[in-house]
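For reference, the structure is listed below as structure tokens.
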Amino acid sequence: MVAVRDDTGERMAEPWWVRVRSLLARLVRMIMSATGDLLPKGLYARALIIIIAPIVLLESVVAFVFMERHWQSVTRRLSEATARDIAAIIEVYREYPHQDDYERLIDLAETMKLSMQLLPPGDLPPAQPKPFFSLLDRTLSNEIRKQVRQPFWVDTVGNSRHVEIKVKLDDAILRFVATRAQTYASNSHIFLMWMVGTSIVLLTVAILFLRNQIRPILRLAEAADAFGKGRPVPDDFRPRGAREVRQAAQAFLEMRDRIRHHVDQRTTMLAGVSHDLRTVLTRFKLELALIGDTPEVRALQSDVKEMQHMLEDYLAFAKGDGGEEAMPTNLCELLEEIHEDAQVFGSSIALEIPKRNRHIVLPLKRQAFKRAIINLVSNAARFGDRVVIRALRDGERLKIEVDDNGPGIPPAERENVFRPFYRLDHARQDSGNSGLGLAIARDIARSHGGDVTLAESSMGGLRAVVTVPL
């Protein structure tokens with residue numbers, strides 16, 4: 001017995017209901033751990049199991065109790081009455097005074113709803129094979145064995161509506177035929193049919209109702225998934241379903257509006273900052289051009305050019321996708337455009353697109369996605385003289401690989417380079433690099449529901465992989 005200590009330090013027995021609750025909790029955990037991989041993962045399927053399992057369990061218990069308490073009891077009483085009637089007729093037959101005329105005995109059997117026939121003495125037929133569900137055969141045989149106490153033969157299978165019984169006596173064989181309803185609770189299946197039929201109707205109504213309740217949750221999940229991938233939320237999406245689901249949908253719409261408002265404010269602010277700073281840099285350029293061509297002026301012009309390049313990178317990183325809407329985009333045409341624009345980098349840049357992937361169309365924020373790929377290509381061209389752009393389809397996802405033959409990046413640093421303004425202290429460091437190219441590319445890819453990862457290139461350099469869902 002489990003014991004605990006009270007406040008005084010004395011041991012006291014744990015209540016029985018606490019032990020039962022603990023045992024049930026362990027049993028449920030064991031069942032869940034054993035069937036965890038077998039249970040469905042979807043909410044709809046699990047909800048159906050929650051509804052169907054109790055109904056099936058309840059029907060099983062009711063059917064078992066009915067079979068055990070009612071069906072068998074009624075069948076036993078009917079079989080007992082039939083066996084008693086047969087025993088009474090046999091006793092009358094033994095004391096019957098008219099050896100040649102048994103019409104009155106046959107009529108007596110008819111009043112007991114038994115069809116009687118006298119057969120010559122002989123052996124009983126061989127035993128019939130037992131039916132699979134042998135409730136009647138077993139119960140009737142037991143009652144005849146107790147009441148008649150003579151060799152007998154029973155056939156409950158040959159005729160579906162009747163039961164044949166033969167009793168062997170010293171001078172004859174008495175053949176009795178009774179209706180099945182007379183010896184067997186044959187109408188009990190009506191109760192089971194009503195129970196099963198009603199359950200099917202209730203389950204059908206529950207399934208239809210549950211489907212209507214699950215549909216708003218699925219619509220909310222689809223809308224959230226589309227918004228997370230930078231795609232427009234369906235126009236017909238609105239709060240529906242139960243109160244809790246409507247509250248979740250309304251909260252999602254409010255969150256979407258707040259995010260959009262924040263992005264619009266940030267975009268407007270960056271546009272103003274960009275305009276003001278570009279104006280100042282333009283004045284710098286004009287003033288330097290008026291001064292003349294000297295080594296000092298050329299150095300200042302180089303600094304201004306680098307400052308402008310860094311400013312563009314900073315603004316691009318802060319701006320992100322700029323609130324651009326995703327539109328259906330032909331991947332092959334976009335990559336060919338990127339390939340043509342990337343020729344200004346001076347390296348050997350190749351584009352490889354399998355024929356089966358030349359007609360892929362997917363929703364993209366075209367300008368933002370183009371900027372992300374251009375950043376990866378320019379980064380590869382800065383450190384390698386050979387660059388390969390590949391487009392591959394991996395199931396329900398699109399992979400764009402940018403390979404180079406440069407010095408590469410150590411595996412320990414491949415995640416750090418995605419941090420804004422992070423620079424390496426080895427061969428891939430570049431003083432003209434702001435440290436935002438990879439960060440911008442990953443930010444844009446994640447706004448499409450994808451990601452950017454780094455690996456070792458087949459050419460010995462670095463491979464940047466952009467993955468987005470189709």
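The minimum heavy-atom distance linking Ala441 with Asn375 is given by the pair N-ND2, 4.4 Å. Across all non-hydrogen atoms, the minimal contact from Pro469 to Gly450 is CD-N, 4.1 Å. For Ile444 against Ala368, the heavy-atom pair with the smallest separation is CD1-O, 3.1 Å. What you find for Val452 and Phe418 is that their closest heavy atoms are O-CZ, 3.5 Å.
Considering only heavy atoms from C-beta on, Glu413 comes within 4.5 Å of Asn416 through its side chain. When side chains are defined from C-beta on, Thr467 does not count as touching Asp451, because their heavy atoms never get closer than 4.5 Å. Proximity of Val466 to Lys399: side-chain heavy atoms (C-beta onward) are nowhere separated by under 4.5 Å. In this structure, Leu362 and Leu364 have side chains that are in contact, with non-hydrogen atoms separated by less than 4.5 Å. Asp403 has its side chain within reach of Ser458: a pair of non-hydrogen atoms, C-beta onward, lies under 4.5 Å apart. In this structure, Ile389 and Glu401 have side chains that are not in contact, with every pair of non-hydrogen atoms separated by 4.5 Å or more. Contact annotation: the side chain of Arg371 approaches that of Ile440 to within less than 4.5 Å [non-hydrogen atoms, C-beta and beyond]. Two residues are said to be in side-chain contact when any heavy atoms from C-beta on lie closer than 4.5 Å; Leu253 and Phe237 meet this criterion.
The backbone N or O of Ile349 sits less than 3.5 Å from a side-chain atom of His339, completing a donor-acceptor pair. For Arg463 (side chain) and Val402 (main-chain N/O), no donor-acceptor pair under 3.5 Å exists by modelled atom type. Of the possible donor and acceptor atoms, one in the side chain of Asn405 sits under 3.5 Å from a partner among the backbone N and O of Arg386. Looking at His448, its side chain does come within 3.5 Å of a backbone N or O of Lys365 through a donor-acceptor pair. Between the side chain of Asp404 and the backbone N or O of Gly384, no donor-acceptor pair lies under 3.5 Å. No donor-acceptor distance shorter than 3.5 angstrom exists from the side chain of Ser79 to the backbone of Arg76, with no hydrogens or angles considered. In this structure, the side chain of Thr329 engages the main chain of Met327 through a donor-acceptor pair within 3.5 Å.
Separation of atoms CG (Asp443) and CG (Leu438) is listed at 12.5 Å; rounding is to 0.5 Å. The structure places CG of Asp385 at 8.0 Å from OG of Ser348, a figure rounded to the nearest 0.5 Å. Remark: Ser457 OG to Leu462 CG distance equals 7.5 Å, nearest 0.5 Å. Arg442 CZ to Leu454 CG: the interatomic distance, rounded to the nearest 0.5 Å, is 7.5 Å. Distance CZ/Phe369 to CG/Leu331: 7.0 Å, rounded to 0.5 Å. Considering CD of Gln213 and CD of Glu244, their distance stands at 10.0 Å, rounded to 0.5 Å.
Summarising the local packing, CZ of Arg256 is surrounded by more than 12 heavy atoms from other residues, nucleotides or ligands at distances under 6.0 Å.
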Exercise for the section: Mind running side-chain contact (heavy atoms from CB on, under 4.5 Å) on Thr453 and Val465 for me, showing each step along the way? Expected result: CA-CA 5 Å; Thr453 57; Val465 182; 3.7 Å; yes

Practice task
Test side-chain contact (heavy atoms from CB on, under 4.5 Å) on Val201 and Thr198 and set out the steps.
Solution key: CA-CA 5 Å; Val201 173; Thr198 305; 5.7 Å; no

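If you run side-chain contact (heavy atoms from CB on, under 4.5 Å) between Gln250 and each of Arg246, Gln247, Glu254, only Glu254 comes through.
Using a cut-off of 4.0 Å between Lys/Arg side-chain N and Asp/Glu carboxylate O, Glu337 and Arg366 are scored as salt-bridged.
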